[in-house]
Structures are given as C-alpha cells and as structure tokens.
Amino acid sequence: MTDQFLQFPVIDPIIFSIGPVSLRWYGAMYLIGFLAAMFLANKAADNSKGEWTREQVSDLLFYSFLGVILGGRVGYVLFYQFEYFLSDPLYLFEIWQGGMSFHGGLLGVILAIFIFARKTNKSFLTVGDFVAPLVPIGLGMGRLGNFINAELWGRETDVPWAMVFPTDPLQLPRHPSQLYEFALEGVVLFAILYFISRKTNRLGLASGVFLIGYGVFRSIVEFFREPDAHLGLYFSFISKGQILSIPMILAGILMIYVGHLAQQKSAISQNGSNTKKTIKGNS
C-alpha cells in the first residue's frame, strides 16, 4: 500500500567520522545556520554607520546561543515533560537524552537580548529588531535537520507528496511537515523580515512581525504535524505548539504598538528640541 507514496530518501545521519568523533547532518545544519546568521549580522553591523560593531555582534550571538540552549532545554522539560520532571528533577540536566523547545529557546533569547541591551545601553526593541531577521535562518536549517533525522513527521495523509518515514513504527504515509516548517518558518519568514529590515526603520516592527509570523506559521503547520504522543490534542483540536504560539502573536502585536509609541514620543521630543533651538537662535 505504501509503495504508491514517496519513500524517505536514504540519508546517512553521519557525514563523516574521525575516530570516536562524528559530524552529523543535524548538527551541521545548525552550524550552517549559525555561520550564515553571523555573516549577515556582521554585514549589517558594517553598514550601520557605527551603531553596531562586530565585537557587539559576537557578544550578542554568544548570549543568544546560550539563551537558545538553556532556554530550549528548560522549556522542553517544563512545557512537554513536566510530570516526568516532577518525578525526576535531574532529568532537566540529562541533555544527552534530547529534547529542546523552540518556545523555551525563544524565552532564553529574549532574556539574552534584555541583558545585552542593558550592557550596551541600547533599547530592547533596537536589539530585537537586529536579531529578528537572523532567527529564521537557524529555524529553517534546524527543520532540515529534523527531516534528515526522520523525526517530527506529520499526520497521516494521502496527498501525492505523502512520505513514509523509516522511524515511523506504523509505516503510514505522512505529511513531510518538517519541510512545511522549513518553507514557512525559514524561507518565507526570512524573506519578510529581510524586506522589512531593508525598507523601514520602524522601531519594534521586525521584532513584532517575527513573533506574529512564527506564531501564525507554526499554528498552521501544527494542523499537519503529528502531535506528541504523550500530549495529544487539547479539546480534540489544538496542540501544545499552537497554545504556546498564541502568546507569541499577542506579544508581537504589543511589541509593534510599543515601538510605534516610543518612536512617536522620540519624534515629538526631537521636534520640540529643534523648535526651542530655532527660537533661541532667532532671539
């Protein structure tokens, strides 16, 4: 029966090995995403007319990396394995068993941005707007890593591009939902944010659009992605990923609004200052 559907391509998860050390495609995807983000961040710093330096970019990416790792792990345990954590608190530190949450990683990055902004005397929204266009690169590469690992596959379907994954014990034709996420959360979201960052300087817009865009795209893909077996669906139709995405969308709307108010206030203050200078110069 499954012969009529696409078969998962045979991909060795290990690119090469040197002794006991192996480089896996999954790790390589994240490495490529990180290097690409660093390249674009340094390029943006060079074109910022002194507002950003490469040293600041290096510090920001380091803080963000720690935020992703620590926040992602804590978020996964609290959001998806909380009952297991209560029975075995040390599970939080058993990183080798796997388990990372995007929403937890996002909270970790937000904390990293806040700390970096305080340290460099930049506004939180300014730093957020600088980081936002870089995030979809890592997201997209991570989803490709999920696909190569044949994990986080989608729900059963009979669409022409349905795929049978070797890790699926039921061997059902499923949506390749990892590729849907790669396309939406990676390619499309990056294109939107890159356009915004190049065409406008509205404070908080890039940050807000990222939160809204990811929240919407993740919510859409969740309808095609197989729910976590131990969680299932809430109220028979909504997943944990969709529930966690709702606050993101609301926070994105709030961020755009707060940025708009801050920019208006700055413009009024600047106009008032210029008016006073003009009056003083004419007196």
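None of the values given here were measured: they were computed from a predicted structure.
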State, yes or no, whether a side-chain contact exists between L205 and S197 at a heavy-atom distance under 4.5 Å. no
In this structure, CG of L193 is separated from CG of D129 (nearest 0.5 Å) by 9.5 Å
Is the shortest heavy-atom distance from the side chain of Y194 to the side chain of P133 under 4.5 Å? no
Just by distance, do the side chain of W25 and the backbone of I15 share a donor-acceptor pair under 3.5 Å? no
Which is it for T120 and D59 under the side chain to side chain contact (heavy atoms under 4.5 Å, CB included) test, yes or no, and what are the steps along the way? CA-CA 10 Å; T120 57; D59 290 344; over 6 Å; no
Measure the spacing between CD1 of I115 and CG of L60 and express it to the nearest 0.5 Å. 11.5 Å
Within the structure provided, determine whether F8 and V164 are in side-chain contact (heavy-atom separation under 4.5 Å). no
L6 with L179, same ILVMFWY side-chain cluster at under 4.5 Å: yes
Nearest heavy-atom approach of V127 to A117 is CG2-CB, 3.9 Å
Run the side chain to side chain contact (heavy atoms under 4.5 Å, CB included) check on M248 and L106 step by step: do they pass? CA-CA 10 Å; M248 283 187 65; L106 175 65; 3.6 Å; yes
Salt bridge or not for R54 and D46, using N-O below 4.0 Å? yes
Would you call the rings of F165 and F147 parallel, tilted or perpendicular, where under 30° means parallel and over 60° means perpendicular? perpendicular
Backbone N or O of L78 within a donor-acceptor pair of the Q81 side chain at under 3.5 Å? no
So for atom OH, which belongs to Y234, do other residues, nucleotides or ligands contribute more than 12 heavy atoms lying within a distance under 6.0 Å? yes
What is the minimum heavy-atom distance between G259 and L125, and which atoms define it? CA-CD1, 3.5 Å
Given the rule that I, L, V, M, F, W and Y join up when any side-chain heavy atoms are under 4.5 Å apart, are L261 and I256 in one cluster? no
Give a yes-or-no answer on whether the side chains of E222 and S239 include a donor-acceptor pair shorter than 3.5 Å. yes
Roughly how far apart are L152 CG and E181 CD, rounded to 0.5 Å? 7.5 Å
Give a yes or no on whether the ring-centroid distance for F79 and H103 is below 6.0 angstrom. no
Measure across R174 and T157 and return the closest heavy-atom pair with its distance rounded to 0.1 Å. C-CG2, 3.7 Å
Mark yes when over 12 heavy atoms from residues, nucleotides or ligands other than Y180 sit less than 6.0 Å from its OH; otherwise mark no. yes
Is it the case that one hydrophobic cluster holds both V209 and F195, taking links as side-chain heavy atoms less than 4.5 Å apart, direct or via other members? no
Return the CZ to CD distance between R202 and Q263, rounded to the nearest 0.5 Å. 7.5 Å
Which pair of heavy atoms, one from S177 and one from V221, lies closest together, and at what distance? O-CG1, 3.9 Å
Which atom pair, heavy atoms only, marks the closest approach of A206 to A132? O-CB, 3.6 Å
Student check: side-chain heavy atoms of Q242 and F223 closer than 4.5 Å: yes
Quick check on side chain to side chain contact (heavy atoms under 4.5 Å, CB included): which of L107, L139, V68, L244 does F102 satisfy it with? L139
Keeping the roles fixed (side chain from S64, backbone from L61), state whether a donor-acceptor pair exists under 3.5 Å. no
Test item: F130 and V57 side chains (from C-beta on) under 4.5 Å apart, heavy atoms: yes
Do W161 and W153 belong to the same hydrophobic cluster, where Ile, Leu, Val, Met, Phe, Trp and Tyr are linked whenever their side-chain heavy atoms lie under 4.5 Å apart, directly or via other members? yes
Between CD of E156 and CG of L172, what distance do you get to the nearest 0.5 Å? 4.5 Å
Closer than 3.5 angstrom, by distance alone: can the side chain of E185 be matched with the main-chain N or O of G140 as a donor-acceptor pair? no
Do K122 and E51 sit within salt-bridge range, that is, some charged N less than 4.0 Å from a carboxylate O? no
Check whether any side-chain heavy atom of V77 sits under 4.5 Å from a side-chain heavy atom of F82, and report yes or no. no
Over all heavy atoms of both residues, which pair between I212 and I249 is shortest? Give the atoms and the distance, please. CG1-O, 3.7 Å
So for atom CG, which belongs to L170, do other residues, nucleotides or ligands contribute more than 12 heavy atoms lying within a distance under 6.0 Å? yes
I14 with Y30, same ILVMFWY side-chain cluster at under 4.5 Å: no
Check step by step if side chain to side chain contact (heavy atoms under 4.5 Å, CB included) holds for L211 and M255. CA-CA 9 Å; L211 293 176; M255 197 166 288; 3.8 Å; yes
Could you check whether any side-chain heavy atom of L92 comes within less than 4.5 Å of a side-chain heavy atom of V74, counting everything from C-beta outward? yes
Should H175 and R225 count as side-chain neighbours, where that means a heavy-atom distance under 4.5 Å? no
If you round to the nearest 0.5 Å, how far is CZ of F116 from CZ of F124? 12.5 Å
Carefully, step by step, assess F235 and I238 under the rule side chain to side chain contact (heavy atoms under 4.5 Å, CB included). CA-CA 6 Å; F235 310 109; I238 189 170; 4.0 Å; yes
Please indicate whether R155 has more than 12 foreign heavy atoms, meaning atoms of other residues, nucleotides or ligands, lying under 6.0 Å from its CZ. yes
